[in-house]
Structures are given as C-alpha cells and as structure tokens.
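Counting starts at 1 for both ligands and their atoms, in listed order. All values reported here derive from a predicted model rather than from experimental measurement.
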Amino acid sequence: MELPRHIGIIMDGNGRWAQQRSLVRTQGHLEGLKAAKRITKAASDIGIKYLTLYAFSTENWKRASDEVNFIMGLVKQFLRSEMDFSVKNKIRVRHAGDFSGLPHDIQKEISQTMEDTSGFDGMQVILAINYGGRDEIIRAVRRYISGGNISDISEKELSSYMDNPDIPDPDLIIRSAGECRTSNFLLWEGAYSEIFVSKKLWPDWDREDLEDALENYKKRERRFGGIANVA
Ligand code: IPE
Ligand code: IPE
Ligand code: MG
C-alpha cells in the first residue's frame with residue numbers, strides 16, 4: 001500500500017517521560033513540543049499531505065491550571081517558531097476543535113498563522129486544540145439543524161459540517177505511549193483509520209519512529225467492510 005494521505009497523531013506520554021526523570025510534567029510538554037517539530041518536518045519530507053496533531057483535548061481542561069496554561073503557551077511557541085519552516089516548506093496550518101472555547105490570545109495567534117499560510121500548497125498541519133470528537137459531532141449537528149431539515153440528514157451531508165470537511169479522513173492514526181484508546185480523537189473521520197500504537201513516549205519520538213509506523217501501515221489490508229481482494 002502506498003503512503004497514507006492523512007496521518008493523525010495522538011501525542012501522548014509527556015507526563016510519564018518527565019516523571020521517569022523526576023522532572024515536572026511541564027518539562028515533558030516542552031520536550032513533546034520538540035518531538036512535534038521533528039515529526040512535522042519528517043512528515044513533510046516524506047511527502048505526507050495532511051498531518052493532524054492532537055495537542056489538547058476538550059477533556060484536558062480537567063488538569064491543573066498551571067499545566068493547562070503552560071501547554072497553551074507552547075502552542076503559541078509552536079506557531080511562532082514554525083513560521084519560517086512553514087514559509088520555506090509551504091506548510092498550511094489549520095485548526096480542528098472548538099475555536100471559540102480557546103483563550104483569546106491563542107485564537108488570535110492561530111487565526112494569524114492560518115491566514116499567513118492559507119495560500120500554501122505543501123503539507124497541511126491541522127492542530128487539534130480544544131478538540132473532542134464528540135464535541136465536533138455536536139457542533140456539526142447544531143450547525144446542520146440551524147440551516148436544514150433534520151429528517152434528511154445523511155452521512156455525506158453531516159460530514160460537510162465537520163471542522164475541516166475538505167480534508168480526507170485519516171488513513172492512519174498513531175498513538176504514542178502505549179494506550180490503546182482513541183481518547184475522543186477524530187471519532188467521525190477515523191471510522192476506518194488504521195491504528196498504530198507505539199509504546200514509545202512522545203518526547204522520544206523521532207523520524208525513525210514515524211518511518212516504522214509507515215512500514216507497518218504498508219502491510220495493512222484495508223477492507224472498509226468489504227472482503228479481501230484475492231488474485
Ligand atoms: C500528552 O501527554 C499531552 C497532552 C495530553 C496535552 P500527557 O500529558 O497526557 O502525558 P501522560 O499521559 O500523563 O504521560
Ligand atoms: C489524549 O491524551 C489527548 C492528547 C494527546 C492531546 P490524554 O492523556 O488526555 O488521554 P487519556 O486521558 O490517557 O485517555
Ligand atoms: Mg496522557
């Protein structure tokens with residue numbers, strides 16, 4: 001099988017990485033940011049078209065405010081420090097999730113980056129921040145019923161109300177740090193995604209880990225509910 005067009009990554013394990021080194025959790029997030037940059041670069045070099053990074057879920061607000069604020073600060077840092085890279089590699093940055101629920105300074109930063117990169121035709125990086133799959137579906141349904149007749153709802157129609165309807169469904173969803181669950185990531189779009197779980201904690205991720213996931217993906221047979229192709 002060829003390369004996945006769209007990869008989604010659940011970047012998990014920052015806290016455990018820090019804990020293993022007797023460091024504070026925020027230190028793990030800082031290293032996680034570096035891993036996100038390495039993997040973004042690797043994915044762009046490899047020729048991936050869409051990369052969705054799960055950076056903050058709708059449930060992550062349950063964490064201590066210090067940790068939440070630190071992560072929001074890192075989001076800003078990521079957007080600013082990646083600008084040169086985005087320009088050079090024609091990376092278009094987008095957002096998935098409940099934008100209105102984000103702090104205003106983060107909203108401003110994301111809007112600015114999306115605007116500055118909107119004309120680029122290289123890889124698209126979708127930052128899932130304040131993202132929840134259930135929340136996305138609820139927001140889509142709300143938008144749909146405000147403009148249409150609920151009785152004629154179809155999968156195709158509702159899909160067009162999701163956060164980024166022009167982006168193809170993820171072919172591959174990767175999760176670092178070993179947990180075998182979706183944690184509310186791309187519930188609608190990931191219905192037939194191949195899932196790759198790695199034990200490696202996110203801050204330790206490097207280009208080779210992405211390549212391993214891609215090697216593994218190549219061997220998969222996607223049937224979408226049909227039956228195997230026999231020669
Ligand atoms: C993932 O790492 C980053 C976010 C959820 C924001 P965690 O912070 O969940 O790390 P663990 O799971 O506690 O190790
Ligand atoms: C998923 O990780 C969310 C992100 C990576 C942003 P969590 O650490 O929040 O997920 P759970 O709590 O282990 O399910
Ligand atoms: Mg976690």
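Neither side chain, Lys90 nor Thr117, offers a donor N or O lying under 3.5 Å from an acceptor on the other. For Asp171 and His6, the side-chain atoms include no donor-acceptor pair closer than 3.5 Å.
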From CA spacing to verdict: side chain to side chain contact (heavy atoms under 4.5 Å, CB included), Asn60, Ile71 = CA-CA 10 Å; Asn60 287 147; Ile71 294 169; 6.0 Å; no
request  = List the steps and the verdict of salt bridge (charged side-chain N to carboxylate O under 4.0 Å, His left out) for Glu109 and Arg80.
outcome  = CA-CA 8 Å; Glu109 201 81 29; Arg80 287 186 188 167; 2.7 Å; yes
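When hydrogens are left out, the protein atom nearest atom 1 (C) of ligand 1 is Met11 O, 3.0 Å; that is the closest non-hydrogen contact. The protein heavy atom nearest to atom 10 (O) of ligand 1 is Gly15 N, 2.9 Å. Looking only at protein heavy atoms, the nearest one to atom 9 (O) of ligand 2 is Asn60 ND2, 3.0 Å. For atom 5 (C) of ligand 1, the nearest protein heavy atom (residue, atom name, distance) is Arg63 NH2, 3.4 Å. Shortest contact from atom 14 (O) of ligand 2 to any protein heavy atom: Ser183 OG, 2.6 Å.
Residue contacts with ligand 1 for Ala55 involve N, CA, C or O but no side-chain atom from C-beta outward (heavy atoms, distance under 4.0 Å). With a 4.0 Å heavy-atom cut-off, ligand 1 is reached by no atom of Leu201.
Close contacts of ligand 2 with Ile10, meaning ligand atoms under 4.0 Å from a residue heavy atom, involve 1 (C), 5 (C). When each atom of ligand 2 is checked for a heavy atom of Arg181 under 4.0 Å away, the hits are 11 (P), 13 (O), 14 (O). Distances below 4.0 Å separate heavy atoms of Phe56 from the following atoms of ligand 2: 6 (C).
Not a single heavy atom of Gln19 lies less than 4.0 angstrom from ligand 1. The shortest heavy-atom distance from Glu179 to ligand 2 is not under 4.0 Å. Put simply, no part of Ser57 is less than 4.0 Å from ligand 1, judged by heavy atoms. Distances from ligand 1 to the non-hydrogen atoms of Gly13 include at least one value under 4.0 Å. In this structure, Arg175 counts as a contact residue of ligand 2, since one of its heavy atoms falls inside 4.0 Å of the ligand.
Distances under 2.8 Å from the Mg ion (ligand 3) pick out the protein N/O/S atoms Asp12 OD1.
For Asn14 (side chain) and Gly32 (main-chain N/O), no donor-acceptor pair under 3.5 Å exists by modelled atom type.
The distance criterion of under 3.5 Å between nitrogen or oxygen atoms is not met by Tyr54 with respect to ligand 2.
Residue Lys37 qualifies as enclosed at atom NZ: its count of foreign heavy atoms under 6.0 Å is above 12.
Judged as a side chain to side chain contact (heavy atoms under 4.5 Å, CB included), and not counting sequence neighbours, the contacts of Ser183 are Arg175, Arg181.
Distances from atom 12 (O) of ligand 2 to the protein include no heavy-atom value under 4.0 Å.
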